[in-house]
Student: 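Can you read through this structure? Questions will come right after.
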Amino acid sequence: MTANSKYLNELQQHGDFLTLSRNNEWHLAPSVFTLSNGTAVTIHDTGVIEFQPTCDTTIDVVLSSAIHGNETAPIEICDELIKRIILGDLQLAQRVLFIFGNPQSINIGKRFVEENLNRLFNGHHTIEGVQMNNERTRAARLEQYVSDFYQRGGQHRERCHYDLHTAIRGSKNDKFAVYPFLHGKPWKKSQLQFLLSCGVNTVLMMKSPATTFSYYSSFVHDADSFTVELGQVKPFGENDMSRFAKTKATLSALISQKEVIYKEFDASDFELFAVHRSINRTEHDFSFPFSDNAENFTGFSKGDLLATDGQTCYYADVEGEAIIFPNADVALGQRALLTVIPLQLTDNII
């Protein structure tokens, strides 16, 4: 029995694609097989598995996790969905591509190995004069797998990508989503309704291009795409998975039903924010005045110190300016902090 046939037999028996990926951190030879219900399964690479049901489909769904390897709850959610599909407990009605982004970072229990993978998309993996590494190569490959998946689905189909994360810090709004910059295109009520069904009622509207995986799918492939933050980082085995019941149920319905009916849209269900500014770390001497356990969406009074970057001090210039994703340890030149302010829905929504 070849190595490929051995791991395929084990995968079909147990559905454990996560362990297979973790055992092959940067590469896994492509393989194909068919489930007993006729669903075609394609392993494109380590952490990248595609399911094509036999029925007519209307939506091409990408579900990614482990872009940061220590964000375990989304990994466990996707692991469970993949097992249910392979073992026949979940019958698909839509095409779906699952991605475990960075298997080696899962194994070492850290956000990344050499470089933050979620700063390398939308072409930022290849920069003249910057040496390639495994994460840069991985970002390029993940872009290509998503591109191929959508192209094989064909034009004029609904495309979506939900990149599942957990945040380093706790949050006053436990679960929230980041809506990528849409370059003037309208926000969609249907996507906000989907997020609400997942238990996410807080949405941050970006106002500029980004290097994130979700922005790549939105910008390049016109997919309905979000970074979805599902609480705070915890090690494997310490997640209270009951907190993600709505998310799991909604994702299951999305890929297993021809059509999902969500709660009627009501703007009052949501708490929306707009990015006010981004603060980058440019000096080695960079710090925040607030504690490490200060939560996302903590608001500050106008004039309060927000960050010190060498000789430069940043102060809140709007009453209630709130912090998101503070991380003083990012590489020089990268974003250390976003600040946000409340947003009211405009006419730019359909």
Side-chain angles (χ1 to χ4, degrees), residues 3-4 6-8 10-12 14-33 39-52 60-87 92 95-121 125 132-150 152 160-166 212-214 216-217 223 225 227-228 230 233 236 251 255:
N4 266 20
K6 180 180 180 181
Y7 83 62
L8 286 179
E10 292 179 350
L11 181 61
Q12 291 178 74
H14 305 291
D16 192 356
F17 185 63
L18 176 59
T19 296
L20 179 61
S21 297
R22 294 181 67 176
N23 289 340
N24 297 270
E25 293 178 331
W26 294 111
H27 178 69
L28 187 63
S31 299
V32 297
F33 62 94
T39 297
V41 184
T42 303
I43 297 171
H44 293 286
D45 198 346
T46 187
V48 185
I49 188 168
E50 176 183 339
F51 297 94
Q52 170 73 62
D60 299 329
V61 182
V62 177
L63 297 177
S64 56
S65 62
I67 298 302
H68 297 135
N70 63 338
E71 298 175 3
T72 59
I75 299 170
E76 293 184 46
I77 291 170
C78 290
D79 177 43
E80 179 181 324
L81 290 173
I82 291 170
K83 285 178 178 175
R84 291 179 60 201
I85 294 168
I86 293 177
L87 298 179
L92 293 179
R95 297 176 70 235
V96 59
L97 179 72
F98 285 93
I99 295 173
F100 295 122
N102 196 336
Q104 187 177 11
S105 72
I106 300 175
N107 288 341
I108 64 175
K110 296 183 178 181
R111 281 171 65 80
F112 53 86
V113 181
E114 295 181 69
E115 193 169 4
N116 186 344
L117 186 59
N118 215 26
R119 297 294 178 268
L120 299 176
F121 292 102
H125 44 72
M132 292 295 287
N133 56 37
N134 283 329
E135 270 135 337
R136 287 180 173 269
T137 300
R138 180 69 168 170
R141 288 178 175 167
L142 293 184
E143 287 185 354
Q144 191 60 55
Y145 295 135
V146 170
S147 179
D148 291 345
F149 175 71
Y150 284 142
R152 281 185 278 103
C160 58
H161 177 190
Y162 304 110
D163 186 29
L164 309 179
H165 289 255
T166 53
T212 60
F213 203 8
S214 62
Y216 164 78
S217 296
S225 185
T227 301
V228 184
L230 298 173
V233 167
F236 282 116
L251 292 176
I255 61 179

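Start at 1 with the first residue, then count along the sequence. If you're wondering where the values come from, they're calculated on a predicted model, not measured in any experiment.
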Student: Using modelled atom types and a 3.5 Å cut-off, is there a donor and acceptor pairing between side-chain atoms of Ser64 and backbone atoms of Ile99?
Tutor: no
Student: Please check if the side chain of Ser21 supplies one atom and the backbone of Gly47 the other of a donor-acceptor pair under 3.5 Å.
Tutor: yes
Student: Given 3.5 Å as the limit, does a donor-acceptor pair link the side chain of Tyr216 with the main chain of Leu120, or not?
Tutor: no
Student: I'd like to know whether Thr19 forms a side chain to side chain donor-acceptor pair (under 3.5 Å) with Asp16, so could you lay out the CA-CA distance, the side-chain angles of the two residues, the decisive distance to 0.1 Å, and finally the verdict.
Tutor: CA-CA 6 Å; Thr19 296; Asp16 192 356; 2.6 Å; yes
Student: Return yes if some donor-acceptor pair links the side-chain N/O of Ser105 with the main-chain N/O of Phe112 below 3.5 Å, else return no.
Tutor: no
Student: Assess the residue pair Arg152 and Arg95 against the criterion (side-chain contact (heavy atoms from CB on, under 4.5 Å)); give the C-alpha distance rounded to whole Å, side-chain angles, the decisive distance to 0.1 Å, and a yes or no.
Tutor: CA-CA 10 Å; Arg152 281 185 278 103; Arg95 297 176 70 235; 3.4 Å; yes
Student: Could you walk me through whether Val41 and Leu11 satisfy the side-chain contact (heavy atoms from CB on, under 4.5 Å) test, starting with their C-alpha distance in whole Å, then the side-chain angles of each, then the deciding distance to 0.1 Å, before giving a yes or no?
Tutor: CA-CA 11 Å; Val41 184; Leu11 181 61; 5.7 Å; no
Student: Measure across His44 and Tyr145 and return the closest heavy-atom pair with its distance rounded to 0.1 Å.
Tutor: O-OH, 3.8 Å
Student: Provide the closest heavy-atom pair for Asp60 versus Tyr150 in the form atom of the first, atom of the second, distance.
Tutor: O-CE2, 3.6 Å
Student: Ignoring hydrogens and geometry, is there a side-chain-to-backbone donor-acceptor pair from Asn24 to Leu20 under 3.5 Å?
Tutor: yes
Student: To check you understand the geometry: which heavy-atom pair defines the closest contact between Thr46 and Pro103, and what is its length?
Tutor: OG1-CG, 3.9 Å
Student: For residues Ser225 and Ser214, is any side-chain donor paired with an opposing acceptor at under 3.5 Å?
Tutor: no
Student: Given side-chain contact (heavy atoms from CB on, under 4.5 Å), test Leu142 with Ile67 step by step and report yes or no.
Tutor: CA-CA 10 Å; Leu142 293 184; Ile67 298 302; 4.3 Å; yes
Student: Could you go through the side-chain contact (heavy atoms from CB on, under 4.5 Å) check for Thr227 and His165 one step at a time?
Tutor: CA-CA 7 Å; Thr227 301; His165 289 255; 3.6 Å; yes
Student: Given the side-chain rings of His161 and Phe213, with only the six-membered ring counted for Trp, is the space between their centroids under 6.0 Å?
Tutor: yes
Student: Closest approach of Leu87 and Gly15, non-hydrogen atoms and distance?
Tutor: CD2-N, 4.1 Å
Student: Please walk me through it: do Asn134 and Glu114 pass side chain to side chain donor-acceptor pair (under 3.5 Å)?
Tutor: CA-CA 8 Å; Asn134 283 329; Glu114 295 181 69; 4.6 Å; no
Student: Could you tell me whether the side chains of His68 and Asn116 share a donor-acceptor contact shorter than 3.5 Å?
Tutor: yes
Student: Run the side chain to side chain donor-acceptor pair (under 3.5 Å) check on Glu135 and Asn102 step by step: do they pass?
Tutor: CA-CA 8 Å; Glu135 270 135 337; Asn102 196 336; 2.9 Å; yes
Student: Is there a donor-acceptor pair under 3.5 Å between the side chain of Asp45 and the backbone N or O of Leu28?
Tutor: yes
Student: By the definition side chain to side chain contact (heavy atoms under 4.5 Å, CB included), identify the one residue from Val62, Val146, Asp163 that meets it with Ser217.
Tutor: Val146
Student: Any salt bridge linking Asp79 with Arg84? Criterion: basic side-chain nitrogen under 4.0 Å from a carboxylate oxygen.
Tutor: no
Student: Please report the shortest heavy-atom distance between Arg111 and Glu71, naming the atom on each side.
Tutor: NH1-OE2, 3.3 Å
Student: Please find the pair of heavy atoms, one from Leu230 and one from Pro74, that lie closest to each other, and give the distance.
Tutor: CD1-CG, 4.4 Å
